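To keep things clear, I will list the structure first and then write my remarks on it.
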Amino acid sequence: MGDSIFTKIIQGDIPADILYEDDHCICIKDIHPQAPTHLLIIPRKPIPRLADATEEDRALLGHLMLKVADIARSVGVDEAFRVCINNGEAAGQTVFHLHIHLLAGKTFKENSLSMQ
Ligand code: 5GP
């Protein structure tokens with residue numbers, strides 16, 4: 001398989017609104033936002049799905065989660081945000097390069113993983 005769209009963004013081959021980057025990940029705005037704040041936190045390492053992560057990725061996964069919280073704070077949504085990882089086509093994954101959705105700015109439906 002060729003490079004994912006996110007690898008192309010990381011390499012600078014495709015433009016994106018990059019809010020944050022470090023040696024391990026980047027954060028971009030989702031091109032089709034599902035909420036007023038819809039960001040994607042993407043590791044530079046092209047792990048296709050969360051299920052493909054290994055013990056070797058333990059520190060990276062921790063880093064990503066801490067960055068989600070930092071970024072939520074930096075954009076002012078740390079009081080209420082939702083984090084989502086789609087794993088596999090049937091779960092809605094369309095880009096096979098691990099990424100964390102950070103969604104905020106809408107009321108969350110009770111007892112539901114979808115948003116109003
Ligand atoms: P998934 O469905 O795999 O969990 O999420 C992929 C996300 O990537 C979708 O929300 C989609 O809108 C977003 N996306 C797909 N292509 C691009 C792109 O070229 N640029 C940006 N910024 N987001 C993209």
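Only a predicted model underlies this, so the values are computations on that prediction, with no experimental measurement involved. Order of appearance sets the numbers: ligands from 1, and atoms from 1 within every ligand.
The shortest N or O to N or O distance between His99 and ligand 1 is under 3.5 Å. At least one N or O atom of Asn86 sits closer than 3.5 Å to an N or O atom of ligand 1. For ligand 1, one of its N or O atoms has an N or O atom of Val95 under 3.5 Å away.
Residue Phe96 places every heavy atom at 4.0 Å or more from ligand 1. The shortest separation from a heavy atom of Gln34 to ligand 1 is not under 4.0 Å, leaving the residue out of contact. Within the 4.0 Å heavy-atom shell around ligand 1 one finds Gly92. Look at Ile14 and you'll find every heavy atom at least 4.0 Å from all atoms of ligand 1. For Ile9, the heavy-atom gap to ligand 1 drops under 4.0 angstrom.
Contacts between Ile85 and ligand 1, counted as non-hydrogen atom pairs separated by less than 4.0 Å, are absent for every part of the residue. Contact annotation for Thr94 and ligand 1: heavy atoms of both the backbone and the side chain come within less than 4.0 Å of the ligand. Counting heavy atoms under 4.0 Å from ligand 1, residue Ile5 touches it through the side chain alone.
Salt bridge status for Glu56 with Lys45: present, with a side-chain N to carboxylate O gap under 4.0 Å.
The cluster map of Ile, Leu, Val, Met, Phe, Trp and Tyr, joined by side-chain heavy atoms under 4.5 Å apart, puts Ile18 and Ile100 in different clusters.
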Report task. Let me see the working for Leu19 and Leu39 under side chain to side chain contact (heavy atoms under 4.5 Å, CB included), right down to the final yes or no. Result -> CA-CA 9 Å; Leu19 270 68; Leu39 306 178; 3.8 Å; yes
Note to self: Please evaluate residues Leu98 and Asp52 with respect to the criterion side chain to side chain contact (heavy atoms under 4.5 Å, CB included), reporting the C-alpha separation (whole Å), side-chain torsions for both, the decisive distance (0.1 Å), and the verdict.
What the structure shows: CA-CA 9 Å; Leu98 176 64; Asp52 299 311; over 6 Å; no
- Query: Step by step, would you call Leu103 with Val83 a side chain to side chain contact (heavy atoms under 4.5 Å, CB included)?
  - Reply: CA-CA 6 Å; Leu103 299 142; Val83 167; over 6 Å; no
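Near His101, meaning under 4.0 Å from one of its heavy atoms, ligand 1 places the atoms 1 (P), 4 (O), 5 (O), 7 (C), 10 (O). Near Phe6, the atoms of ligand 1 lying under 4.0 angstrom from a non-hydrogen atom of the residue are 8 (O). Using a 4.0 Å cut-off to heavy atoms of His32, the atoms of ligand 1 that qualify are 12 (O).
When atom types are taken as modelled, the side chain of Arg44 and the backbone of Asp22 share a donor-acceptor pair closer than 3.5 angstrom. Panel note: side chain Gln93, backbone Gly88; a donor-acceptor pair is recorded below 3.5 Å.
Residue Ile5 is tested with Asp13, Ile10, Ile14 for a side-chain contact (heavy atoms from CB on, under 4.5 Å); the sole match is Ile14. With respect to Ile9, the side-chain contact (heavy atoms from CB on, under 4.5 Å) criterion is satisfied by exactly one of Ile28, Asp17, Asp3, Leu40: Ile28.
Residues His38 and Lys29 fail the side-chain proximity criterion, which asks for heavy atoms closer than 4.5 Å.
In this structure, atom 22 (N) of ligand 1 lies nearest to the protein heavy atom Lys29 O, 2.8 Å. Among all protein heavy atoms, the one lying closest to atom 7 (C) of ligand 1 is Asp30 OD2, 3.4 Å. Annotation: atom 17 (C) of ligand 1 to nearest protein heavy atom, Ile31 CG2, 3.7 Å.
In this structure, the ring of His101 has its center less than 6.0 angstrom from the ring center of His99.
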